[in-house]
Amino acid sequence: MRFAPNPNGPPTLGSTRGIVVNSEYVKKYGGKFIIRFDDTDPVTKRPMLEAYDWYLEDCKWLDAEPDEVVMASDRLPIYYEYAETLIKGGHAYVCTCTQAEFKQLKDAKQACPHRDTAPEEHLREWGRMLAGEYEERTVVLRIKTDIKHKDPALRDWGAFRVVKTPHPRPEVGNKYVVWPLLDFEGAIEDHLLGMTHIIRGKDLMDSERRQKYVYDYLGWTYPRTSHWGRVKMHDFGKFSTSGLREAIESGEYSGWDDPRLPTLRALRRRGIRPDALRKFFIDMGVGETDVSLSLDNLYAENRKLIDADANRYFFVWEPVKLEISGAESTVVKPSMHPTVDRGVREIAVEQSVMVCSQDIRGAKPGDLFRLKDLYNIRITGEGTAEFAGHDIETIKKGGGRIIHWSPVDGIPVKVLTPDGEVEGIGEAGIAAEVDKVVQFERYGYVRIDGADGGVVGYFTHK
RNA sequence: GCUCCGGUAGUGUAGUCCGGCCAAUCAUUCUGGCCUUUCGAGCCAGUGACUCGGGUUCAAAUCCCGGCCGGAGCACCA
C-alpha cells in the first residue's frame, strides 16, 4: 500500500484519510506501507521543502510510520528509461502541437501529425527534449492509447513536459528540464514499488484506465484499486493548499497550525488524539459515495479518549465581578476530576468572585444561584449578592442554577478557537497544565499551549 | 458536448457482489429520563432511512431498464 502526496503544503484532514486507511490495511493484512512524494511539479504545485518532514512527522504521530520513503524527484532517470522503451516500441511519441491544437484534434478523434512518424525520429526528438532544446509548452511526450476512444479522457495522454524552473530540493535543483506527469510517474512507480493494492480518491479513476495502456505495453499487471468519493467538511469552508498559503502569508491566519485550519498540525495543537483520527477515518470506510461530514464523530471519539485525563478548572469568559456580602473568607478544594481521583485544587475566596456576565444577565434581586463547589448566593443588585448558605439541597429544590466562577486574583486566559479568540480569567492552577488537555467546566476541552505571560489555550471541542 | 462513478435516518456507516433470517446495523447528532455541586461524563429510552417509476421473481435495499439528483474526468496540476 502506498500514500502518495505532493508535499506542497502540510497534511490536512484529507491527507489523513489516505494515511490512515492505507496504513490500516497494512496493519491488518501485512505488507509494506510506502510513502511516495509525487513531487514532480516544480511550478504549479511547487513542493514546500518543510512539508516533506511534516508528512513524515504526522505519519509517525498517526502511528503510520512508513516502511519506505520514496521521492519521485530523485528518480527521473528511471522514468526516462521507460519512456525510451515505450518510444522504441512505438507506444509513445513526441508531439509539438499546441495545447489548443491537440485538444481540437483529440475532440474530433483525429490523430495529430506526429503520432504516426517513425519511432527513430521520436527518439531523436526525445533526446532534444532532454537536452533542453525545446522551450516550455512547445513539446510533450504522449502515450499512444486509442485516439478514437469513446471517452475523450483516455485519448493519447501527456506523459512528460518541459519545465525549466528549478526544483525546490537543492539536491535536484536544475538537474532536469523534462518532468513526468502524474499518470506516468505513478504508473511506473506503482509497479516498481511492488504495489498490489491502491486506494485513492475517485478523481483518479480515469488514471487507472490511462495507466493500463502503459502496463499493457510493458507487460505488467495493474494493482487492485478502489476509490473513495469526495469529502466535504462542513466545519471548514472550501480550502486549497495554495489558497491557505496565501492567507497565511497575508497574516489572515497565524500559521499552518492556526486552530481555524483543517491541517493535522492544527488539530494536534488543539489536543485531538491520533487514535481518535484513526478511528474516525476507519469507521468512515472507503465508499465511493461523496461524503459531507461533520467533525462531531471525531470529537466524540476524542472526548472518550481525553475525558479521563482532563483535569477540571474554572474559566470565566466575559468576566464580571460579583461582590458578596456576609460570606466568610475561605479556601475551597474542588476535585480535579468528578470520577477519577486525582486530588483537589485549592482556591482562596474573599468577599468577591468573577462570574460569566451571561450567567447573571437578567438576574433580579432575590434570584438564587449556587457557585459551584462554594456556596449559595442571592442577588441583591447590579454586581452584588449576599451569602445564602451552604446547603446544596436548597438549590436543588428551589431550582436555582449552579454556575461556575473564578477567583478575582485568577490568571488571564486566552482561548484560540475555530471561531476566534475568547479571553477571560481562570484558576491559577491552569498554568501548570501546559501541553495537557483540560476541561473548563461548562465551556469545553482546551489544550493548554503555553503559560508565559498569560495562559494561551487551543480549543479542542465541547 | 463526450465519458465514467455513485445515491440506506440530520451526518457517517453495515447490509448490495451470492434476492428470503432486513418492519434494515453501528456510531454521532437531536429529544426525554436517571444520576451528578458542569450545559461534562456515565446509564436508559425515543425520534429518524432503503432517490423515484417500471420490470423479473413465490420473494427485491439487494438483479434489470428508465428518470431524477449528486460527484468526477476530458490539463504541458496532483
Side-chain angles (χ1 to χ4, degrees), chain A residues 4-8 37-41 43-47 72 95 97-99 102-103 106-107 109 134-142 149-155 157-163 178-183 185-186 200-210 227-232 234 241-242 279-301 303-304 307-308 310 312-314 332 334-335 337-340 359 370-376 390-393 395-396 401-404 439-445 462:
Chain A
N6 174 14
N8 62 339
F37 290 108
D38 283 346
D39 55 349
T40 54
D41 179 6
V43 180
T44 321
K45 292 194 174 169
R46 187 175 175 80
C95 171
C97 294
T98 65
Q99 223 169 320
F102 185 82
K103 181 175 169 45
K106 182 200 70 182
D107 287 345
K109 299 187 180 180
Y134 280 105
E135 290 310 308
E136 292 186 15
R137 302 196 167 261
T138 58
V139 68
V140 58
L141 184 79
R142 286 187 190 287
H149 199 288
K150 64 175 179 167
D151 185 348
L154 300 198
R155 300 173 197 154
W157 47 275
F160 286 87
R161 83 306 205 181
V162 173
V163 179
V178 174
W179 286 88
L181 275 331
L182 176 74
D183 281 336
E185 178 265 334
R200 60 186 166 197
K202 73 176 184 184
D203 47 321
L204 265 12
M205 263 177 159
D206 287 335
S207 275
E208 173 171 350
R209 289 190 273 255
R210 281 192 284 261
H227 300 90
W228 53 58
R230 274 297 254 213
V231 178
K232 268 187 216 150
H234 44 238
T241 307
S242 52
K279 185 155 197 317
F280 178 66
F281 281 109
I282 289 166
D283 285 352
M284 194 181 338
V286 288
E288 283 186 22
T289 323
D290 298 321
V291 297
S292 139
L293 56 95
S294 135
L295 258 18
D296 284 339
N297 282 266
L298 173 64
Y299 292 157
E301 287 306 331
R303 188 153 41 227
K304 287 177 201 160
D307 183 70
R312 267 52 174 178
Y313 289 100
F314 290 143
V332 288
S335 61
H337 194 279
T339 53
V340 182
D359 280 333
R370 171 73 178 191
L371 295 176
K372 188 170 184 285
D373 298 314
L374 188 57
Y375 42 59
N376 306 335
H390 283 99
D391 185 18
I392 182 73
E393 296 303 322
I395 292 292
K396 287 187 178 171
R401 296 178 56 209
I402 297 170
I403 63 174
H404 71 292
Q439 190 200 59
F440 288 160
E441 299 200 30
R442 301 181 64 227
Y443 181 72
Y445 297 90
K462 286 197 59 122

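Chain A is the first sequence line, chain B the second, and so forth, proteins listed ahead of strands; every chain is numbered from 1.
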Non-hydrogen atoms of [X] and [Y] that approach each other most closely:
{"X": "A/Leu293", "Y": "A/Phe280", "value": "CD1-CZ, 3.6 Å"}
{"X": "A/Asn376", "Y": "A/Asp391", "value": "ND2-O, 2.9 Å"}
{"X": "A/Val163", "Y": "A/Val43", "value": "CG1-CG2, 3.6 Å"}
{"X": "A/Glu185", "Y": "A/Asp38", "value": "OE2-OD1, 2.8 Å"}
{"X": "A/Lys109", "Y": "A/His149", "value": "CE-O, 4.4 Å"}

Tell me what [X] touches on the nucleic acid: a base, only sugar-phosphate, or nothing, going by heavy atoms under 4.0 Å.
{"X": "A/Ile403", "answer": "nothing"}
{"X": "A/Cys95", "answer": "nothing"}
{"X": "A/Tyr445", "answer": "sugar-phosphate"}
{"X": "A/Asp359", "answer": "base"}
{"X": "A/Ser207", "answer": "nothing"}
{"X": "A/Arg401", "answer": "base"}
{"X": "A/Arg230", "answer": "sugar-phosphate"}
{"X": "A/Asp373", "answer": "base"}

Take the protein atom [atom1] of [X] and the nucleotide atom [atom2] of [N], then report the distance between them rounded to whole Å.
{"X": "A/Leu181", "N": "B/G73", "atom1": "CG", "atom2": "C1'", "answer": "15 Å"}
{"X": "A/Asp183", "N": "B/A72", "atom1": "CG", "atom2": "C1'", "answer": "14 Å"}
{"X": "A/Arg142", "N": "B/C74", "atom1": "CZ", "atom2": "C1'", "answer": "12 Å"}
{"X": "A/Leu204", "N": "B/G71", "atom1": "CG", "atom2": "P", "answer": "19 Å"}
{"X": "A/Phe281", "N": "B/U28", "atom1": "CZ", "atom2": "P", "answer": "18 Å"}
{"X": "A/Arg312", "N": "B/U37", "atom1": "CZ", "atom2": "P", "answer": "14 Å"}
{"X": "A/Ile395", "N": "B/U36", "atom1": "CD1", "atom2": "P", "answer": "16 Å"}

Distance between the [atom1] atoms of [N] and [M], in whole angstroms?
{"N": "B/A23", "M": "B/G15", "atom1": "C1'", "value": "15 Å"}
{"N": "B/A41", "M": "B/C34", "atom1": "C1'", "value": "14 Å"}
{"N": "B/A24", "M": "B/A61", "atom1": "C1'", "value": "8 Å"}
{"N": "B/A60", "M": "B/G20", "atom1": "P", "value": "11 Å"}
{"N": "B/G12", "M": "B/G7", "atom1": "C1'", "value": "14 Å"}
{"N": "B/C22", "M": "B/U28", "atom1": "C1'", "value": "22 Å"}
{"N": "B/A59", "M": "B/U47", "atom1": "C1'", "value": "31 Å"}
{"N": "B/U29", "M": "B/C43", "atom1": "P", "value": "13 Å"}

### Task
Could you pick out which residue, A/Asp41 or A/Ile392, lies toward the 5' side of RNA chain B when each is mapped onto its nearest nucleotide?
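Result: A/Ile392.
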### Task
Assign each of A/Ala4 and A/Glu441 to its nearest nucleotide of RNA chain B by heavy atoms, then name whichever residue's nucleotide is nearer the 5' end.
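In this pair, the answer is A/Glu441.
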If [N] has a Watson-Crick or G-U wobble mate with both distances under 3.5 Å, name it; if not, just say none.
{"N": "B/C4", "result": "B/G71"}
{"N": "B/A61", "result": "none"}
{"N": "B/A9", "result": "none"}
{"N": "B/C34", "result": "B/G42"}
{"N": "B/C76", "result": "none"}
{"N": "B/A14", "result": "none"}

### Message
Parallel, tilted or perpendicular, judged at 30° and 60°: which one describes the rings of A/His404 and A/Phe314?
### Response
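If you compare the ring of A/His404 with that of A/Phe314, the planes turn out tilted.
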### Query
Looking at B/G40, B/U38, B/A78, which one has an atom nearest to any side-chain atom of A/Lys372?
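So the nucleotide nearest the side chain must be B/U38.
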What N/O pairs connect the protein and nucleotides 3-10 of chain B at under 3.5 Å? Give each pair on its own line.
| from | atom 1 | to | atom 2 | distance (Å) |
| --- | --- | --- | --- | --- |
| B/U3 | O2' | A/Asp151 | OD2 | 2.6 |
| B/C4 | OP1 | A/Lys150 | NZ | 3.0 |
| B/C4 | O2' | A/Arg209 | NH2 | 2.9 |
| B/C5 | O3' | A/Glu288 | OE1 | 3.4 |
| B/C5 | O2' | A/Glu288 | OE1 | 2.5 |

### Message
Would the distance check show the side chain of A/Asp183 and the main-chain N or O of A/Trp157 forming a donor-acceptor pair, the cut-off being under 3.5 Å?
### Response
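Not at all, since once roles are kept as given, no pair shorter than 3.5 Å links the two residues.
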### Message
If we ignore hydrogens and angles and just use 3.5 Å, is the side chain of A/Arg370 paired with the main-chain N or O of A/Ile395 as donor and acceptor?
### Response
no
Using only side-chain N and O atoms of [X], determine if any of them is under 4.0 Å from OP1 or OP2 of [N].
{"X": "A/Arg161", "N": "B/C77", "value": "yes"}
{"X": "A/Lys103", "N": "B/C76", "value": "no"}
{"X": "A/Lys396", "N": "B/U37", "value": "yes"}
{"X": "A/Thr40", "N": "B/A78", "value": "yes"}
{"X": "A/Arg303", "N": "B/U29", "value": "yes"}

### Query
Does a side-chain N-to-carboxylate-O contact under 4.0 Å join A/Asp151 and A/Arg210?
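Looking at A/Asp151 and A/Arg210, the cut-off is not met.
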### Message
Between the base of B/U38 and the side chain of A/Gln439, is there a donor and acceptor pair under 3.5 angstrom?
### Response
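By the distance-only test, yes, there is a pair.
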### Message
Apply side-chain contact (heavy atoms from CB on, under 4.5 Å) to residues A/Arg200 and A/Glu208 and explain how you reach the verdict.
### Response
CA-CA 11 Å; A/Arg200 60 186 166 197; A/Glu208 173 171 350; 3.7 Å; yes
#### Entry: Verdict with supporting geometry, A/Arg312 and A/His337, side-chain contact (heavy atoms from CB on, under 4.5 Å)
CA-CA 6 Å; A/Arg312 267 52 174 178; A/His337 194 279; 3.2 Å; yes
